[in-house]
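Chain letters run A, B, ... following the sequence lines, proteins first, then strands; residues in each count from 1.
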Amino acid sequence: MEIRLNLNAAPETSDRLKKAAAKKTAATESLDDAWIRILAMNNSSPDQTRLIEVKNGMSAGLIGRDPAAASKRFSKAEALRLYKGLAESQREGKLADLVKNTPANYHLITTERQFGELLAELKNESIVAVDTETTGVDVYTDVIVGISFSLPTIDKHVYIPVAHENCEQLSREYVLEGLRPILTDEGIGKVFHNAVFDIAMFRRHGSDLKGLAWDTQTAMHLLNENEAEQREGQPKGNYKLKYLAPKYLGVEGDTFDQLFGKNAQFKEVPLDLALVYAAKDTELTWRLYQFQIHHMRKTPTILEYYQSVEIPLLYVIVDMEANGYVLDLDFAKEYGERLHKRANELQAEIIKELAPFHEGSEPLNLNSPPQMRPALSVAIGVELANMDAKKTLKPLEGKYEVVAKLLEYKKITKLSGTYIDALPQKQNPTTKRWHSRYNPMGTVTGRFSSGKDEDDTSGQGFNAQNQPGEARPMFVAPPRKVLVGADFKAQEIRCVAYLSQEPVLIDAFLEGRDPYASMAATFYKRPYEEVYKNSDGSDTKERKQMKVVWLATLYGMSDFSLADMLGVKKPEATQFKKDIFGSMPKLSAWLAENEKFVQKHGYVWADKQARKRRIPDAQLKRKQIPYGKWNDPKYVESRKHNSKINRALRQATNARVQGSSSIQTKVTMVKAAEYCAKKPGWALWGSIHDELVFEVPADFTKEEANDIRDIMVNSYRWGDVVPNGTDVEVMRRWGEGMSTEEFFDGPSVISKTGEYEKRVRFVEANWQRGTIGNEGN
DNA sequence: ATTCTGAGCCAC
DNA sequence: AAACGTGGCTCAGAAT
């Protein structure tokens, strides 16, 4: 109390007094008083947790102060230093406990006799849980260090170390050779948690795994696509076994990092400890499988879909990822240099113009919106709300040259930073190819996501599904091969036509009219042919716009935003929507029905009830906001609450369409992969939502091109009425294609020396060309 | 020095 | 009054 009062005294007096007080405290303050003082400080919440743990550890006698420091006042810093030691001793205690309490049915397999017994037992099982321990997550470079199995009929859980350090064990070659008949036996089902990883690891060592029966990770996504967001305060991606086990099995789980430290290698873990950890993994996987199949059986449509589509799809993903991509590094280098040169020019010009308006000691950073917004606002005399290129800057580019330059700069730096410069760095050292990751349950609706592996630190992963048109030409077919791209023409609208049974849409598809062009003709009051395609065969501006408008409308866009997008006033947009949707009453009724359903049930179905999308927010009760009070801060929470409901209602229709379309794509991928497996040199190359890309020998035939077309339009049909459509094109570089007709019959291809030879030479010429401009789209 | 978050922007 | 669904990556700036 005295000290506080004195703080208001003159500075030098205050300082002296503080020092004196501190000295006094150091001499007299008890540890309890020190803790009261420290815990009352303004600590961050993780610090506070740690401090309390240290306090408890000290009173329990687990840890004590360093004698050398005992004469000094006990500080927060010292307490936090003690935490490190405490955590370490706790971890060691935990590990010792784990080993001491190893269940009697956990067995380490390190001798030929034990292994022989295990093989005999495995042959008697109809389904087992399997897991691999490895040196890392690069399935093309890392290696297996151990394998665990759970054998349910005899309740036995084993770990077979094959490459641990400093211990007696069987060799990897010996073990994998012995396991081969088991691993490749279709009749012995295998359950994994994240099967794609383990299958790829087995393949890396020459074992082609068969009999995949269940993947507890993908199944969990199907049972609850909201799992991640339901764990409050936890990061996204909580489909790890260690998170699921406590929630659904009531079993404590420790993550690898927690037990062994962040950069630990499993091969360094002593075998007694490795056994408890690894065997527990398969035991938990097995128990989670039983829990999941029990629940999924209650909805047979989902179970049937999971087993017939999602399970076989996992093999397809392993193959597709392993096939990988070839990049034209010379092209990337040259293109990258061009972009850099231009970016530097623009940067110099923009800085010269804006620097006088930049306040701050650091040089102006063009990539920093907080720096750029004020500087640019002053420079052009327009107060900018943000630096959004599309909404804010684009409308100003005609009036202010500096804005146009900035837009070009942003586009170029994004392109080179994210794609043209970045991708060449991601070559796999082992395969020399580029491998993306595809997550078949990466989205809540069922679409694939793509990117890096969750645990990957190598930086080799990349999103294969958002490559811009300018970056795609970097991706090339391997020598003597071509890429064949096949898309689902208007996939989502056909899906809507089927789900809603709207005759106007169905008729348009039956008569082969393009729905976007039809809408464009209506809106712009121009002939259908004129708005369908440009004379060079490219999409017209009008049709592209209608495509955006249609999709946006499907996603629940307001009339206000629609007007904005069309560049018209709101009443016009309202009328337009009325014209379009008013002429399709069945579609309108279907949209309304989706909203009603989700409000009643809290979820919606994808096609054939194969998948649910749970949207519980739709069941919230709307809060009343009195007329004219919208901006009243008192109603902020009510506004947020109601917009959650609005969002849920928009999601209902979208989830049905996106979910059903993703099922069509996945089923088609499985069929396509079956076809590729029969054709030497064929592979599935990529999947981008409504498009499949194949890698095929350049001498593939017209008949085979027709087979691809057939796979696309007949693998998954929207009922008996709505036809599917596809465009198939042949490419040397991704994004630079020609139709199959042109490829097989076009004048530049036909030759006196024979069709095949000429065609190969044609693609070789294209390969050499390297002139791909493809600026903008 | 590393990790997290938001803005922004790429894809369908 | 607000106002478009599903993703992933990069950068800047802040937090730890």
Side chains of [X] and [Y]: does their closest heavy-atom pair fall under 4.5 Å?
{"X": "A/Glu502", "Y": "A/Val496", "result": "no"}
{"X": "A/Leu364", "Y": "A/Phe357", "result": "no"}
{"X": "A/Glu454", "Y": "A/Lys240", "result": "yes"}

Describe the nucleic acid contact of [X] in one word from base, sugar-phosphate, nothing, applying a heavy-atom distance below 4.0 Å.
{"X": "A/Asp559", "answer": "nothing"}
{"X": "A/Thr413", "answer": "nothing"}
{"X": "A/Ala389", "answer": "sugar-phosphate"}
{"X": "A/Thr418", "answer": "sugar-phosphate"}
{"X": "A/Gln491", "answer": "nothing"}
{"X": "A/Asn631", "answer": "sugar-phosphate"}
{"X": "A/Asn386", "answer": "sugar-phosphate"}

Q | Side-chain ion pair, A/Glu408 and A/Arg342, N-O less than 4.0 Å | A | yes
Q) Is the closest basic N to carboxylate O distance between A/Asp617 and A/Arg647 below 4.0 Å? A) no
Between [X] and [N], does any side-chain N or O lie under 4.0 Å from OP1 or OP2?
{"X": "A/Asn466", "N": "B/dC9", "answer": "no"}
{"X": "A/Ser558", "N": "C/dC4", "answer": "yes"}
{"X": "A/Arg647", "N": "C/dG5", "answer": "yes"}
{"X": "A/Ser449", "N": "C/dG8", "answer": "yes"}
{"X": "A/Gln467", "N": "C/dC9", "answer": "no"}
{"X": "A/Ser561", "N": "C/dC4", "answer": "yes"}

Measure from the side-chain heavy atoms of [X] and tell me the nearest of [options].
{"X": "A/Gln658", "options": "C/dT6, C/dG7, C/dT10", "value": "C/dT6"}
{"X": "A/Arg447", "options": "B/dC12, C/dC4, C/dA2", "value": "B/dC12"}
{"X": "A/Arg650", "options": "C/dG7, C/dC4, B/dC12", "value": "C/dC4"}
{"X": "A/Pro369", "options": "B/dG8, C/dC9, B/dA11", "value": "B/dG8"}
{"X": "A/Asn463", "options": "C/dG8, C/dC4, B/dG8", "value": "C/dG8"}
{"X": "A/His689", "options": "C/dA1, B/dC12, B/dC10", "value": "B/dC12"}

Please report, rounded to the nearest Å, how far the [atom2] atom of [N] is from the [atom1] atom of [X].
{"X": "A/Leu562", "N": "C/dG5", "atom1": "CG", "atom2": "C1'", "answer": "15 Å"}
{"X": "A/Lys577", "N": "C/dA3", "atom1": "NZ", "atom2": "P", "answer": "15 Å"}
{"X": "A/Asn367", "N": "C/dC9", "atom1": "CG", "atom2": "P", "answer": "19 Å"}
{"X": "A/Trp550", "N": "C/dC4", "atom1": "CH2", "atom2": "P", "answer": "17 Å"}
{"X": "A/Asp487", "N": "B/dA11", "atom1": "CG", "atom2": "C1'", "answer": "15 Å"}
{"X": "A/Met387", "N": "B/dG6", "atom1": "CE", "atom2": "P", "answer": "21 Å"}
{"X": "A/Trp630", "N": "C/dA1", "atom1": "CH2", "atom2": "P", "answer": "9 Å"}
{"X": "A/Lys411", "N": "B/dA11", "atom1": "NZ", "atom2": "C1'", "answer": "12 Å"}

Q) Is there a stack between A/Phe560 and C/dA3, judged by ring centres under 5.5 Å and planes under 30°? A) yes
Q: Over 60° means perpendicular and under 30° means parallel, so classify the ring planes of A/Phe462 and A/Tyr325, tilted if in between.
A: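 Tilted.
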Q) What is the ring orientation for A/His601 with A/Tyr603, classed by angle as parallel under 30°, tilted 30 to 60°, or perpendicular over 60°? A)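 Ring orientation of A/His601 relative to A/Tyr603: tilted.
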Q: Determine the interatomic distance between C1' on C/dA3 and the same-named atom on B/dC10; round to the nearest Å.
A: 23 Å
Q: Let me know, please, whether A/Asn654 or A/Gly628 comes out on the 5' side of the other along DNA chain C by nearest nucleotide.
A: A/Gly628
